[in-house]
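Shown next, in structure tokens, is the structure this report addresses.
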Amino acid sequence: MRTTDISDPDHFLKVVDCQWACPAFTPVPEYIRLIAHGRHADAYMINWRSNVFPGILGRTCDRPCEPACRRARVEDENLTGGRTEPVAICRLKRVAADNKDDVGDRLPRAPAANGRRVACVGAGPASLTVARDLAVAGYAVTLLDPDPRGGGLIRTQIPRFRLPEEVIDEEVAYITGIGNITIENRRVASLAGLIAEGWDAIFVGSGAPKGRDLDIPGRKAGGANIHVGIDWLASVSFGHVGRIGRRVIVLGGGNTAMDCCRTARRLGGTDVRVVVRSGFEEMKASPWEKEDAIAEGIPILNWHEPKSFVVEDGRLTGMTFRIVRAETDAAGRRRLVATGEPDAFIACDDVLVAVGQENAFGWIERNIGLLFDPRDMPRVDPATMQSSLASVFFGGDAAFGPKNIIWAVAHGHAAAISIDRYLSGEDITVRPAPGVTVVSQKMGIHEWSYDNDVSLETRQRVPHLMLERALADVGAEVELGFDARLAWREAQRCLNCDIQTVFTPPLCIECDACVDICPMDCITFTANGEEADLRRRLKAPALNLEQALYVADGLDTGRVMVKDEDVCLHCGLCAERCPTGAWDMRKYFIEVAQAGKP
Amino acid sequence: MTHIAKPRLHHPSLTRNAVGFTRRDYEGPVSTLCAGCGHDSISAAIVQACFEQDIEPHRVAKLSGIGCSSKTPTYFLGASHGFNTVHGRMPSVLTGAALANRELIYLGVSGDGDSASIGLGQFAHIMRRGVNMTYIVMNNGVYGLTKGQFSATADRGSVAKRGAVNVESGIDLASLAILMGASFVARSFSGDKAQLVPLIKAAISHPGPAILDVVSPCVAFNNHKGSTRSYDHVREHNAALNRLDVFSPAEPVSVDYAPGTEVRIEQPNGTVLLLHKLAEDYDPSDKAGALAHIQARETAGMVTTGLLYLDPGRRDLHGRLNTVAAPLARLDETALCPGAAALAAINDALR
């Protein structure tokens with residue numbers, strides 16, 4: 001294998017599994033250490049720069065970081081209470097947001113306007129991110145949204161018991177407070193018209209605002225008691241709806257379905273059940289959202305395919321379902337087939353349909369040069385977020401269909417960079433490199449400026465509000481968040497994967513001290529070979545192909561040092577037992593580029 | 001010294017051996033020796049060998065004297081019996097222990113100071129008596145604890161860190177052991193675990209006095225240019241005689257060399273040693289030939305490593321003394337005090 005080029009920031013960035021998995025590349029271990037030190041405002045600002053909405057995301061993020069977390073790969077259930085689980089990264093983020101002091105004086109202020117005007121369609125997370133990044137760079141940004149409070153789906157679709165409104169208000173205000181940002185109370189009815197207004201660039205962050213309906217028999221007749229999930233959630237959020245029937249069926253297996261059933265449970269639904277076509281494991285909802293719903297006494301029925309709404313005397317009385325199972329055909333496609341069992345009937349008073357969301361681009365004319373693909377989605381470059389019209393950019397759910405908030409933020413950052421480069425006359429396909437700050441952690445012979453002792457603590461559970469009180473008030477936040485003690489214990493579980501093991505071959509005397517001490521058998525000195533061969537020959541086989549090998553040559557014996565980055569605990573014992581300093585522990589603080597460097 | 005304990009988390013593929021232990025179960029606390037010390041590598045090799053040999057830790061007694069090397073038993077086999085003796089007196093304490101209980105596996109750990117200076121007599125006599133043990137000398141050629149004076153095994157002409165040249169001739173413990181009657185004599189290098197681990201396994205399975213002279217560089221005081229015990233010098237002057245593969249009684253013996261180049265040696269406990277010759281004309285069962293070869297190579301500035309000498313036929317101390325098989329602590333009163341009639345019979349036999 002070729003020797004690893006560690007000057008490429010991607011090698012060590014990839015080692016930080018959580019940061020690599022985060023669409024916005026949040027430097028997770030750094031902020032977790034700051035939380036452990038009680039420096040919540042500092043931790044908050046690291047988050048704020050990367051993901052813009054730490055308080056919101058600390059409650060609602062889909063947390064792609066957690067399945068990636070190394071901790072789950074290295075825990076031994078015999079040592080860690082029978083469980084192998086990732087660090088509760090998301091809920092630690094909330095700790096920083098909840099406990100920070102005033103950060104007002106740390107937030108950026110818009111410089112003198114550069115004369116360029118950018119319009120954002122929608123004021124959701126993608127548009128707000130674009131606005132923040134560009135305002136700091138001197139642009140005047142106007143967000144166009146029928147709800148001038150800003151927040152988009154964050155405000156309308158996420159129930160208050162998961163996300164209090166004050167958190168949204170606070171974090172939207174941090175952005176609008178920068179200056180040069182206006183939210184205009186306006187629904188955009190025509191893209192051609194908007195272009196004609198002469199904006200320098202347009203960003204479309206209009207989301208996927210249309211809930212998919214279910215066109216099966218009885219839909220029309222029972223219509224009065226059949227509601228589209230996201231519309232119903234928005235009505236609850238706006239206070240237009242305050243009650244629902246006693247018996248409620250929620251159709252769908254995603255997070256919207258979970259929000260619907262839990263909301264229904266608080267608005268008079270005593271017999272609420274979720275009915276899903278697929279199996280429990282295949283459901284799109286995050287595992288913890290399913291857990292929370294079940295904990296509130298909501299059963300989830302799987303393998304039930306909706307067949308009809310049953311309406312008697314003009315009134316919805318229930319639904320029938322076909323019982324199905326999954327089958328894989330010869331081509332490897334998975335499809336649902338009837339088991340042949342008799343159809344199931346479930347009585348109900350109301351049905352909430354949460355079977356998916358769709359984009360709504362009726363306001364974009366098809367003759368203005370903006371190309372759509374066969375699925376009627378705009379053609380958008382996934383790296384630059386540019387559409388086929390050079391001055392129009394997309395992001396969030398409007399770009400590639402429904403995803404989640406953290407992706408909208410990532411799209412916003414990318415689009416802001418593109419808009420800035422486009423309006424500066426630069427090639428937008430050239431993307432700016434990330435900022436890398438490398439600091440050796442060595443303070444003395446065996447002293448490091450990070451806590452390298454690996455904790456055997458199990459994942460801490462977030463305390464919840466008592467069930468009776470939670471169900472009695474749709475506005476009462478269920479999760480209470482970690483207190484200081486729980487937060488500290490959870491923070492100790494982080495393995496500091498951003499403190500990298502850096503190897504300097506000319507200093508190495510090949511004494512094997514690092515090989516002998518490594519608790520994970522990560523390090524091997526051996527003859528070089530092809531990657532597949534090397535991976536098998538290491539002291540412990542390196543079978544996780546997603547994780548790179550770190551190869552270094554230039555040793556006196558002609559061998560190479562091979563380190564499997566997969567399961568390293570970053571305990572630093574290799575560096576601690578190294579007599580010559582060939583190994584060093586260096587913190588790689590990597591921040592991906594943003595348009596305005598807020 | 002290292003302030004944190006080695007994390008107990010381990011590689012997900014860590015396996016258990018036939019007696020239910022992982023390799024990590026054979027470790028001890030983190031070493032307090034200088035970072036990079038060869039002794040730590042030997043400790044790791046002992047851990048690996050005991051794991052591979054399916055040895056239950058409670059069946060091992062590790063004894064040592066005084067010095068850096070004699071500190072190491074703390075850092076491996078944390079669940080075994082241990083004894084730190086007076087300087088140089090490990091062999092006599094070990095002999096006593098072995099006489100009292102022959103069911104344990106005896107591991108003597110010593111250094112060049114402990115064995116070649118203050119304990120040279122003890123070293124010679126335990127070999128001569130044929131105590132069933134594995135005697136590991138961690139040989140770095142200097143007194144590390146007193147900051148790097150030449151030890152009795154330092155080669156003539158080697159240069160100390162401060163520039164002094166050694167004018168005395170060095171004691172070759174391996175040659176001495178062959179002369180004194182050890183039945184298994186090997187030499188290895190702490191920086192070559194592929195050679196060292198099988199030799200330790202073979203030594204443990206050998207039913208008699210087995211000595212392993214392991215060159216172990218002292219990173220703090222003897223790893224410079226001019227030293228003959230530095231990592232670089234030993235790597236450049238390592239004349240390996242053979243390569244050893246060790247198979248436990250349960251394992252199938254697999255050979256990956258061309259036929260005819262290896263010697264198969266079966267130990268009494270069923271362990272099979274497969275010796276692959278690297279030096280064509282070297283016969284490890286020829287005592288005089290072995291001594292001559294080692295001396296000739298040494299004169300040429302080379303360090304012979306590998307299995308130097310093996311006498312499979314020699315009986316150990318217990319065999320020659322015809323001692324009782326059970327540990328003395330387990331003998332009951334009737335066995336220990338056979339009565340007046342038995343005493344009379346012994347007295348009669350001596351008249």
Side-chain angles (χ1 to χ4, degrees), chain A residues 70-76 78-80 84 444-448 451-456 495 508-522 525-526 538-544 556-559 564 566-583, chain B residues 1-16 22-25 27-48 72 75-76 140 189-194 196-197 216-221 223-224 230-236 238:
Chain A
R70 171 168 311 222
R71 180 94 199 175
R73 296 203 298 276
V74 299
E75 280 196 341
D76 173 349
N78 297 321
L79 300 174
T80 49
T84 59
I445 289 181
H446 298 297
E447 283 180 296
W448 304 98
D451 181 5
N452 61 338
D453 206 354
V454 174
S455 160
L456 291 179
L495 295 170
C508 179
I509 57 170
E510 300 177 63
C511 67
D512 272 1
C514 51
V515 178
D516 295 334
I517 196 71
C518 178
M520 304 309 281
D521 302 324
C522 288
F525 288 80
T526 186
L538 302 183
K539 192 174 176 202
L543 304 176
N544 183 356
D556 283 348
T557 57
R559 300 183 296 176
D564 178 15
D566 183 25
V567 290
C568 173
L569 301 177
H570 300 263
C571 63
L573 284 176
C574 50
E576 192 150 330
R577 297 304 299 168
C578 180
T580 62
W583 284 107
Chain B
M1 60 174 270
T2 298
H3 298 302
I4 67 165
K6 182 165 171 173
R8 288 167 67 204
L9 297 178
H10 53 77
H11 195 277
S13 72
L14 189 72
T15 54
R16 292 183 183 277
T22 69
R23 193 186 75 247
R24 296 288 302 276
D25 294 329
E27 293 178 346
V30 173
S31 169
T32 59
L33 298 175
C34 307
C37 180
H39 298 1
D40 286 334
S41 273
I42 301 171
S43 296
I46 293 171
V47 165
Q48 182 73 30
T72 61
Y75 316 131
F76 58 81
N140 58 16
F189 170 44
S190 71
D192 185 2
K193 283 206 193 66
L196 178 55
V197 173
S216 171
C218 173
V219 168
F221 296 108
N223 193 41
H224 47 269
S230 67
Y231 282 105
D232 287 348
H233 182 93
V234 180
R235 285 207 172 95
E236 282 158 24
N238 188 342

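Note that the coordinates shown come from a computational prediction; the quantities given were computed from them, not determined experimentally. Chain A is the first sequence line, chain B the second, and so forth, proteins listed ahead of strands; every chain is numbered from 1.
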Check: A:Cys511 main-chain N/O paired with B:Ser41 side-chain donor or acceptor under 3.5 Å: yes
OG on B:Ser13 to CG on A:Asp521, rounded to 0.5 Å: 7.5 Å
salt_bridge(A:Asp76, B:Arg8) N-O dist < 4.0 Å: no
Region of A:Cys578 that comes under 4.5 Å of a non-hydrogen atom in chain B: backbone
Residue selection (most heavy-atom pairs with chain A, distance under 4.5 Å) from B:Ile4, B:Leu14, B:Asp40: B:Ile4
NZ on B:Lys193 to NZ on A:Lys539, rounded to 0.5 Å: 6.5 Å
Region of A:Val74 in contact with chain B, defined by heavy-atom distances below 4.5 Å: both
Ion pair A:Asp556/B:Arg235, N-O distance below 4.0 Å: no
Side-chain donor/acceptor of A:Arg73 to backbone N/O of B:Pro12, under 3.5 Å: no
A:Glu576 and B:Val30: CA distance, side-chain angles, deciding distance, side-chain contact (heavy atoms from CB on, under 4.5 Å) verdict: CA-CA 11 Å; A:Glu576 192 150 330; B:Val30 173; over 6 Å; no
Spacing of B:Leu9 atom CG and A:Arg71 atom CZ [to the nearest 0.5 Å]: 6.0 Å
Proximity breakdown for A:Asp566 and chain B, heavy-atom pairs closer than 4.5 Å: neither
Residue pair A:Cys571, B:Lys6: steps toward the side-chain contact (heavy atoms from CB on, under 4.5 Å) verdict: CA-CA 9 Å; A:Cys571 63; B:Lys6 182 165 171 173; over 6 Å; no
Atom group of A:Leu569 that falls short of 4.5 Å from chain B, counting heavy atoms: side chain
Contact leader toward chain B among A:Leu543, A:Asp512, A:Thr580, where contacts are heavy-atom pairs under 4.5 Å: A:Asp512
Choice from A:Leu456, A:Val515, A:Asp564 maximising heavy atom contacts with chain B below 4.5 Å: A:Leu456
Distance-minimising heavy-atom pair for B:Arg24 and A:Pro519: NH1-O, 3.0 Å
Taking every non-hydrogen atom, the tightest pair across A:Val567 and B:His11: CG2-CD2, 3.5 Å
Side chain, backbone, both or neither of A:Leu573 within contact of chain B (heavy atoms, under 4.5 Å): side chain
Contacting region of A:Thr557 [heavy-atom separation from chain B under 4.5 Å]: side chain
Contacting region of A:Cys518 [heavy-atom separation from chain B under 4.5 Å]: backbone
